[in-house]
Amino acid sequence: MNKLEKLTYFPGCTLKDTASDFEISGMAVMEALGYVLEELERWNCCGTVFSLTDDDLMHQIGPVRDLIRAQEAGSEEIITLCSMCYATLKRSSLFVNGNQERLDKINAFMNKEIDYEGKVSVHHLLEVLRDRIGWEKVEERVTNPLEGLSVAPFYGCTLLRPQEIAIDDPDAPTVLQDLTQALWATPIDYAYSVECCGAYQVVDHRDVVIERTHRIMSAARRAGADVIVTSCPLCHFNLSDTQKELVRTIPDYEEMPIIYFTQLMALGFGVEAGKIPASLKAKVKRLQTVKGEG
Amino acid sequence: MSKKGLIGGYPAYMRESIEKVEATRSRRLKEGPPPPMSPKEREAILERNHPDYKPEGKRKLALGPSAGEPVPHEVADIIESHSVIDPRAVDLSKVDYDVDVLVIGGGGAGTVAAIFAHEQGIPVDRILIVTKLRHGDCNSIMAQGGIQAADRPQDSPAIHYLDVMGGGHYANKPELVRALVNDAPGIIRWHEDIGVMYDKVDGEYVEAHGGGTSRMRMHSAKDYTGKETFNSIRDQARNLDIPVLEFFPAVELLLDKRGHAAGAVVYNIETEEYRIIRAKATVLATGGFGRIHIQGFPTTNHYGATADGLVMAYRAGANIIDMDSVQYHPTGVAYPAAILGQLATEKLRTQGAMPVNVDGEAFVFPLEPRDVESSAIIEECWVKNNGIETPSGLRGVWLDTPMIDQVHGKGTLKKALAAMWTMWHRHDIDITVDPALVYPTLHYQNGGVEIDANGYTKVPGLFAGGECEGGVHGKNRLMGNSQLDYNVFGRRAGISAGKWAKSAKVDELSLQHVIDYEKELERAGIDTDRKAPIILPDYRPQAVREHTLGHLL
Amino acid sequence: MISEKQEKEMIRIHVMGKTYEVPAGLTIMDAMEYAGYRFTRGAGCRSGFCGACSTVYRYEGDYRLQFALACQETAADGMYLVQLPFTPAPRAKYDIEKINLKENVLLQYYPEIARCVSCNTCTKACPQDIEVMDYIQAALRGDIAKTAELSFDCIQCGLCSMRCPADIKHYHMAQMARRIYGRYMSPVPQHLENRLQEIADGAFDAELDKLVNMSREELEEAYAARVSEEASAGSERSE
């Protein structure tokens, strides 16, 4: 077996807890592509939300410390799966990298760590797939083509906004559609793929999130989607959690599976890694049988 | 960061000797340690060097239930002394706390006793722990090396029994030793239930020898065994909501008119008030006596180890046993002076560190029972003059700690003996690189208040467990049996107290025994200003003490 | 401590605002006693295990606060010292028998750990050199084993919790993590269960009855006849 190429990997808290299927499938599909996601030996919570106050260096201590961990590991980059971690770490890196005054202040505070040199860049796994591996390579690994499966990409906010950290065109991204096509599935076009799921409104204004979920899911269904694909654990949580509410309150509401993009890849690669909703597996099998018979 | 004139934490002149230790290390590793002594050789070296065997260190008790027993002068001094209270001035008519089970002492034995009294069905609000410092400022928390339990197929409680009896010079009370060894595996099981993280490899316990054991049965949690076990036990007591009064030492036991134990007079260290606790059963768990510094030795013990329970129980009529025997841990810190007398765990030797002299030569089997090992080190330093002198005029021998990583692989010491590594590292000494200078230190009260196998003392309603009781270890305790003792006899005392409290009734409270003791002092012709229990030692310099105005506020 | 011949070099320390001359080479605790203090609080095991003597100090001319155990750290010239009383910190009550490992149980009992901003102030305050913030982060993501492992050396002095800007009670949470690990994630070896069954069945009773009734001479003989398990450690040589 060929030696796997290493990527310095930052998992984030959610992938170690409620979104473990994201990590498990991510590890497995990357291994199939010849890469190993090597977790930082030490890391802390990215902070989840980037602090918008310009002079608030205290809130950069957490994310910058993770950049230091990468530097300690001899790496000049961090790869994330979670799009929230991506956004926070990326924005932090842009905030301090190359800004000597900010670096000095933060380094002075961190007196138990090595100085951060400002050289670590942050990338999302989708960027690695698109820019380094390429969709052709991804397609080559497909052993279980998802032909006929209609996939609604759901980008949410943090991969695309603000503009300076966007991994794709913030208004008309294609990276999830391109991935979908590489797996032989069909991306569908619907109005809500770059909308916000309602995010932390779920805590105080759950009704806002329920209403949004309803709109997002309905639009995707009207466009013919079989499954929603996302890269954000919070979107995943909000959509799946409030969808249960819709199932309860709306007669004849049919639940739609919501998965991470790595799980879609695992399906296409025929890799058993983590749980995939049984209804989705059944659907794929049915489509393939129909195809075979036709 | 090297301090003035020190190289790797040691003065230059010690370096010459360290070089000799380094030069002989590979030969010693190959040849192994000197052979163990025969029983006759052991007796002889004890006779020649052990502080217990010096007749001038002891006198016979002049009064009380065990009058005529020889004990160290320091023990006789606190026993032959006045009460700290005026028994006639204490108002016994107002009871501040009325409980079923009073536990005196917030260390290992006390906490275990409280938990098991509760398990007997005593509600937690009918139990009270009182302690002079905080709950957990105790010797139990400091134990490093481990706890013995014969749980492997090649071992048995019977083999454990023989090891204990031989180590104790056959002076132990057989039924107590039987209880100790037979309960041991169950204690480990209880610890597992409450979540103690014992060292395991591939799902099996890591079990080692200790001095004087013939089977490997030392269970450990790195070298934080006492901290890990005691903290789990205390956490369990806290989850149960067992009440604890901290900074509230007991200063005298209460009896009732019939002479049954009935609680205690306790003292609020801050407000200086006393409180009356009435209890149907009282458990003595007051620990040992290190802080009275027998024969001037420094000690490994905690700040409150002043044998208060021994004094109070003796006045109340309990017997004491084996108090002539003191455990000096062979390896206390001899240098640097800042941590003089603190413990260098026996686990260092079980893991392969050899005691060696100024010339780098091994002179004793590293795992003799503690009294024998201590005697050999004392002899090497002061009779054979092969010790290393410290800047303050003490002597010690090297414990060749770098051998540990050579035997077990690099990194072993820092992982398995983290507390030890840290202790010296704080003083710039790296014991994976350099040996440590050690000398015997006052460690354990082998004897104490006499109990039976269920923790009963001679006084009805008074129970005892842990270091304050005697008879379990005879004239010398083996490593890993003190942790076991506080669990086994703390538990047994707690169970007995719980059972007793269910049917006991307390008659009118009395301090007559204290008044009577005063008369006995007079009859014995003891004219002294001494007062006991002493509660806490006073380490202020003489000049300061002679210059105070006392409590003016 | 027991008096011994002290070296002549003296240093100046400042204890809660008062200046004293004390011999060099003493621990902070011994130095304070030399200065005339008699502890009723703030002294416990005096060996670095109980966490009673957490001390905060600063050097003359330095803005940084430093942290130590008074019984372990050597007093140095120019130290401004204050001893901290043990600070009350609420601990969660739980039943070790009823822990649901499926949920992030540490976060459930100690929700304030989610307030961690990774400032690392706790780690800087730890006199045991524990990576405190790292174990809080491990707890946050539900990694009980890592929390237990990283916090193992904790002596519960409470300095971390006193310094934490998020008011996290690190040491109580870590104690719970270690107990959960010990109880649920580190199985009991089978040989212990076997031994307990043997004891319950009275398998050793006869032998112990015999030993308990032996004369000293018989015991000495039996003791001398023991064969140690491993020649290299703990074996006995009979005459």
Side-chain angles (χ1 to χ4, degrees), chain B residues 32 35-36 38-40 133-134 136-137 141-142 151-154 156-158 161-162 165-166 170 174 178 182 185-186 188-189 192 194-197 200 203-205 209 213-216 227 231-232 235 239 269 293 296 298 302-303 337-338 342 367 392-393 418 423 426 538-541 544, chain C residues 1-2 4-5 7 25-27 33-34 36 38 40 43-50 52 72-74 86 91 93-94 96 148 153 155 175 178-183 186-189 191-192 195-196 199 204 207-208 211-212 216 219 222-224 226 228-229 232-239:
Chain B
S38 68
K40 273 220 172 116
L133 294 166
R134 298 178 313 158
D137 292 344
I141 205 168
M142 305 155 72
D151 59 3
R152 290 152 68 245
Q154 56 270 62
S156 80
Y161 182 94
L162 260 186
M165 291 300 286
Y170 312 100
R178 180 185 188 142
N182 217 32
I188 302 291
R189 188 66 179 80
E192 289 277 359
I194 60 169
V196 172
M197 286 170 63
K200 288 171 193 161
E204 297 290 333
Y205 289 122
H209 271 299
T213 61
S214 63
R215 293 288 182 279
M216 295 191 284
K227 182 180 81 65
N231 278 351
S232 300
D235 199 62
N239 276 346
I269 278 188
H293 300 288
H302 78 97
Y303 187 41
Q342 292 187 19
L367 289 173
S392 49
M423 179 175 80
R426 283 177 172 131
D538 189 349
Y539 291 134
R540 296 173 299 170
V544 172
Chain C
M1 264 321 305
I2 292 304
E4 67 175 282
K5 206 170 69 193
E7 290 168 50
L26 301 178
T27 61
E33 284 174 337
Y34 182 91
R38 190 173 183 199
T40 50
C45 74
R46 300 180 76 115
S47 288
F49 288 91
C50 79
Q72 294 295 298
E73 186 97 349
T74 308
F86 196 71
R91 65 178 282 288
K93 210 178 125 173
Y94 59 97
I96 191 71
D153 295 1
I155 56 169
Q175 171 73 74
R178 290 194 298 279
R179 288 189 61 194
I180 293 173
Y181 182 86
R183 174 74 169 79
S186 170
V188 180
H191 67 76
L192 177 62
R195 177 50 44 87
L196 287 166
I199 290 173
F204 306 103
E207 208 179 343
L208 285 168
L211 283 165
V212 165
R216 174 166 176 151
L219 273 172
Y223 185 75
R226 294 174 313 154
S228 183
E229 176 167 8
S232 65
S235 65
E236 309 289 328
R237 185 167 55 103
S238 53
E239 283 175 273

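Throughout, protein chains are lettered first and strands after them, A, B, ... in sequence-line order, and every chain is numbered starting at 1. Values in this document were obtained by computation on a predicted structure and should not be read as measured data.
With chain C as the partner, the residue from B/G136, B/G32, B/S156 showing the most heavy-atom pairs under 4.5 Å is B/S156. Among the candidates B/V544, B/N239, B/D538, the residue making the largest number of heavy-atom pairs closer than 4.5 Å to chain C is B/N239. Interface remark: of the candidates C/Q72, C/R183, C/R195, C/R195 forms the most heavy-atom pairs closer than 4.5 Å to chain B. Chain C forms the most heavy-atom pairs under 4.5 Å with one residue out of B/M423, B/K200, B/M165, and that residue is B/K200. Heavy-atom pairs under 4.5 Å with chain C were tallied for B/I269, B/V196, B/N182; the largest tally goes to B/N182. By number of non-hydrogen pairs under 4.5 angstrom with chain B, the leading residue of C/C50, C/A222, C/P187, C/A148 is C/C50. The candidate from B/G203, B/G186, B/S232 with the greatest count of non-hydrogen atom pairs under 4.5 Å with chain C is B/S232. Ranked by heavy-atom pairs under 4.5 Å with chain C, the list B/N231, B/I188, B/L133 is led by B/N231.
Side-chain N or O atoms of B/R152 include one that pairs as donor or acceptor with a backbone N or O of B/M216 at under 3.5 Å. At distances below 3.5 Å, not a single donor-acceptor pair connects side-chain atoms of C/H191 with backbone N or O atoms of B/P153. Side-chain atoms of B/Q342 come within 3.5 Å of backbone atoms of C/R46 as a donor-acceptor pair (strictly under, hydrogens ignored).
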Could you go through B/Y161 and C/L219, starting from their C-alpha distance and side-chain angles, then the distance that decides it, and tell me whether this counts as side chain to side chain contact (heavy atoms under 4.5 Å, CB included)? CA-CA 10 Å; B/Y161 182 94; C/L219 273 172; 4.3 Å; yes
Could you give me the CA-CA distance, side-chain angles and deciding distance for C/R91 and B/D235, then say whether salt bridge (charged side-chain N to carboxylate O under 4.0 Å, His left out) is met? CA-CA 10 Å; C/R91 65 178 282 288; B/D235 199 62; 2.9 Å; yes
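Heavy atoms closer than 4.5 Å to chain B are found in the side chain of C/I199, but not in its backbone. Heavy atoms of B/R134 lying under 4.5 Å from chain C belong exclusively to its side chain. With a 4.5 angstrom heavy-atom cutoff, C/L211 touches chain B via backbone and side-chain atoms both. For C/Y94, the parts lying under 4.5 angstrom from a heavy atom of chain B are both the backbone and the side chain. Heavy atoms of B/E192 lying under 4.5 Å from chain C belong to its backbone as well as its side chain. Neither the backbone nor the side chain of C/I180 comes within less than 4.5 Å of any heavy atom in chain B.
Once rounded to the nearest 0.5 Å, the distance linking OH of C/Y181 with CE of B/M197 reads 6.0 Å.
Smallest separation of non-hydrogen atoms from C/T27 and B/A338: CG2-O, 3.1 Å. Nearest heavy atom pair, residue C/Y223 against residue B/G166, reads CE1-CA, 3.4 Å.
By the 30° and 60° cut-offs, the orientation of the rings of B/Y303 relative to B/Y539 is tilted.
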